[in-house]
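Written out below as structure tokens is the structure these notes cover.
Just so we're on the same page: letters track the sequence lines, and every chain starts at 1.
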Number of protein chains: 4
Amino acid sequence: MSVLLDKKKSIIQSALDLIQEHGFHGCPVSMVAKNAGVAAGTIYTYFENKDDLIIGIYEHVVEEIKKYVSERDDLSLPFKERFYNYWKNLTNFYELNPSIHGFYDQFLNSPYNSDDLQSNPNVWHEFANAFFEDGIQQGDIKQLNPVVLSILVNTNVNSIVRIKQNFKKKLEKNNMELNEISHLIWDGIKAD
Amino acid sequence: MSVLLDKKKSIIQSALDLIQEHGFHGCPVSMVAKNAGVAAGTIYTYFENKDDLIIGIYEHVVEEIKKYVSERDDLSLPFKERFYNYWKNLTNFYELNPSIHGFYDQFLNSPYNSDDLQSNPNVWHEFANAFFEDGIQQGDIKQLNPVVLSILVNTNVNSIVRIKQNFKKKLEKNNMELNEISHLIWDGIKAD
Amino acid sequence: MSVLLDKKKSIIQSALDLIQEHGFHGCPVSMVAKNAGVAAGTIYTYFENKDDLIIGIYEHVVEEIKKYVSERDDLSLPFKERFYNYWKNLTNFYELNPSIHGFYDQFLNSPYNSDDLQSNPNVWHEFANAFFEDGIQQGDIKQLNPVVLSILVNTNVNSIVRIKQNFKKKLEKNNMELNEISHLIWDGIKAD
Amino acid sequence: MSVLLDKKKSIIQSALDLIQEHGFHGCPVSMVAKNAGVAAGTIYTYFENKDDLIIGIYEHVVEEIKKYVSERDDLSLPFKERFYNYWKNLTNFYELNPSIHGFYDQFLNSPYNSDDLQSNPNVWHEFANAFFEDGIQQGDIKQLNPVVLSILVNTNVNSIVRIKQNFKKKLEKNNMELNEISHLIWDGIKAD
DNA sequence: GATGAATGAGTGTTCATTCAT
DNA sequence: CATGAATGAACACTCATTCAT
């Protein structure tokens, strides 16, 4: 049982790495297999087809993000602090797992991210929605749609991580400015 | 000469439409050609190869965005008003040209968007950078890197247009909330 | 022992059903196994490989046909009547076992039906040859090669069953005409 | 134009030869291409997919048979003689074109020969139906459904050609007997 | 310049067969 | 004996690119 799961995990990890390095296109099933140390056919034991593999990666990714951020959410803190933690933890997670960030960024605007998939609930979106719902209930942030709020915040974190990576070797200074963005967003969404 | 340009334009337009409808994958050169009313081989008269075509589309797109937004920028207005116009015009442009928005969204996180390309200046980025530089100079917005500011704002506009399209038929109410996001961002970036 | 035979039978039956429904192509070993309620590997306990399975089905089928027709052959009747019974019983058998008819029809003209296999005697061909040999001996049918006669008659029964199935829902009237074919053939082969 | 048709013809001829030699299974598209002296991709210029190629072959084959037999049908002769010519010409055609006979024999009982295809009229079936309709009109053969009659006769010719090929090197004598089958069938269908 | 048939390397996928459990 | 995950050769098919017309 654990062997099976290990194999599925290693296929997903292999695909994640390849997608980050070569983009969605440069990721043939045969290469994923080779990288994962399995035969090409084996992938089809765990996934119906390549699309299903991509969706499988998405589901894995979404679960990992949720796990990391939710485990570090301390409900006893004031919401402002929880927000900054949310922001910091999500950023950290992406920086610790660049292949996940690379995949997620590409996935969101790809045709793989179908309407059907977006409509279905997923653990990460549910957590994020509930998180901002909480902030609204507690009167700490503006009464906006929590779905909109979570997309807004997550998109900004995504962008900033991307900018950081692009600027990595250029300007140390920018990193400080980028960290200011969280304040900027908080100022925007906090209740008046 | 103008015939040649017309043909190039129609190839680009055809590709834009197909990419929006079928994503980057579902856009073979032969289909672009058919859609544009030319032979497949003709595309190689105007573009070296498919990558060059995609880059060509990007350059076209970037020019169109810049033209639309810059033409509507009124330097005589106070910067706050210019910011809201910038936001509104960029949003309008994307909503008037969904295929451009669809392309741009996919392009930004794709492997086509190489480091080289990002390093090279382009008219739209230059305009946006100068725009926010202006706001800083005039003391109306915080002293942040204008490059960072423009990416931040543009990313948010992109996201919101995308959210609007996803929500189009669901919640009328959300559109109002989405329009509030511009205030939220302004509150974040305006000088204290 | 009987368990083993049961398992072999159920594998054969499963393959027969699948071949009738999906043709020779649409009949992977894994599907035969699933349909038979055994694991894919188990099939290789009973058959050396897929070709051997197909041959095994053929041998089973040929035995079943022979059993049905020979059991209903009454040697005490005049040969003309025996001929009509032969025709009727073979037709009935195919109509009761459409998957056998479907398999046999496909098998006969397939590359599985090798020269080697045709040269080897099989119970059904031997019975049929002997049957027509009998008719010749008794002076009731023309002095033709009994092998040729049996192929001729069997081919015609096969075709007629096939036509009946194609016409099943179209023309009731045709069925009567099709039943006349046996007279037509008898008129052809009976001794002058 | 004629070059294009030549290429299509050579693809069809190549596939016909391979199907006769290796059966339906042993006929990969790549081998058909190699045999025809074209690239694999070229086949898809002329046929949508492999199924379409098989159907294309069928249509070609059916046209060739019709052409050969109809060109040699002499309406001025008495129907009995026309029937014997029909039989002889069809037999000759198959013996001159063994790959067509091999293909047709396999095709008829294969899943490629769908209900849809059988329902659609084709030149050969139409000719054969009209031929036997003629015989009925002229009062020379029994009042049976001409569709049934033509299938019956064609099936018998097919079988006999097959038997001849199997027996080719064994018994010279049989050929004479096989030629008698036409009389046998004529005796069966002729008007009383 | 424009065409579109031809190319063939590359891709996703299937499936007969094996073998560790 | 039975299992079914794993294999990898083989397949159908796609598509960026070329080039003779």
Side-chain angles (χ1 to χ4, degrees), chain A residues 1 3-4 6-8 11 25-34 36-54, chain B residues 1 3-4 7-8 11 25-34 36-54, chain C residues 3-4 7 11 25-34 36-54, chain D residues 1 3-4 6-8 11 25-34 36-54:
Chain A
M1 185 65 172
V3 173
L4 294 193
D6 281 1
K7 206 158 266 184
K8 192 171 182 178
I11 291 168
H25 284 103
C27 178
V29 172
S30 59
M31 210 183 281
V32 173
K34 199 177 178 182
V38 302
T42 305
I43 294 195
Y44 293 85
T45 307
Y46 297 95
F47 303 96
E48 266 187 35
N49 51 39
K50 197 183 177 182
D51 279 22
D52 192 41
L53 166 61
I54 304 286
Chain B
M1 185 65 171
V3 173
L4 293 193
K7 207 161 263 186
K8 193 171 182 177
I11 290 167
H25 285 103
C27 180
V29 172
S30 61
M31 210 184 280
V32 173
K34 197 177 176 186
V38 301
T42 306
I43 291 188
Y44 291 84
T45 307
Y46 298 95
F47 302 95
E48 261 187 40
N49 51 38
K50 199 184 177 182
D51 280 21
D52 192 41
L53 166 61
I54 304 285
Chain C
V3 174
L4 293 193
K7 207 161 265 185
I11 291 167
H25 285 101
C27 181
V29 172
S30 61
M31 209 184 280
V32 173
K34 197 177 176 185
V38 301
T42 305
I43 291 189
Y44 291 84
T45 307
Y46 297 95
F47 302 95
E48 261 187 43
N49 51 38
K50 198 182 177 182
D51 280 20
D52 190 41
L53 166 61
I54 303 286
Chain D
M1 185 66 171
V3 174
L4 295 194
D6 282 1
K7 204 157 270 185
K8 193 171 182 178
I11 291 168
H25 285 103
C27 178
V29 172
S30 59
M31 209 184 281
V32 173
K34 199 177 178 182
V38 300
T42 304
I43 294 194
Y44 294 86
T45 307
Y46 297 96
F47 303 96
E48 266 188 36
N49 49 41
K50 198 182 176 182
D51 279 22
D52 192 42
L53 166 61
I54 304 286

| task | Establish, with yes or no, whether the OP1 or OP2 oxygen of F:dT7 is under 4.0 angstrom from a side-chain nitrogen or oxygen of A:Thr42. | result | yes

| For DNA chain F, the dot-bracket pattern of Watson-Crick and G-U pairs whose distances stay under 3.5 Å, | for other-strand partners | .||||||||||||||||||||

| With respect to the side chain of B:Ala39, which nucleotide from E:dT7, E:dT3, E:dA2 is positioned closest? | E:dT3

| remark: In whole angstroms, the gap separating C1' of E:dT3 from CD1 of B:Ile11 amounts to 13 Å

| task | Could you tell me the separation between the CD1 atom of D:Ile54 and the P atom of F:dA12, rounded to a whole number of Å? | result | 10 Å

| said: Here's a test of your reading of the structure: between D:Val38 and A:Met31, which maps to the more 5' nucleotide of DNA chain E? | reply: D:Val38

| message | F:dG4, OP1 or OP2 - any side-chain N/O from C:Lys34 closer than 4.0 Å? | response | no

| note | Letter by letter from the 5' end, nucleotides 16-21 of chain E scores (B base, S sugar-phosphate only, - none; protein heavy atoms under 4.0 Å) SBB---

| Candidates B:Leu53, B:Val29, B:Thr45 - the one meeting side-chain contact (heavy atoms from CB on, under 4.5 Å) with B:Ile11 | B:Leu53

| request: Would you name the heavy atoms of C:Pro28 and C:Gly26 that are closest together and state the gap between them? | output: CD-C, 3.4 Å

| Atom-to-atom span, CG of C:Leu53 to C1' of E:dC15 - whole angstrom | 14 Å

| field | Distance in Å, B:Lys34 NZ paired with B:Ser30 OG, rounded so as to fall on 0.5 Å steps | value | 8.5 Å

| Rounded distance (nearest 0.5 Å) linking atom CG of A:Asp52 with atom OH of A:Tyr46 | 14.0 Å

| task | Figure out the OH/P separation between B:Tyr46 and F:dA16, and round it to whole Å. | result | 20 Å

| said: Check the phosphate of F:dA2 against C:Lys7, side-chain N and O only, distance under 4.0 Å to OP1 or OP2. Yes or no? | reply: yes

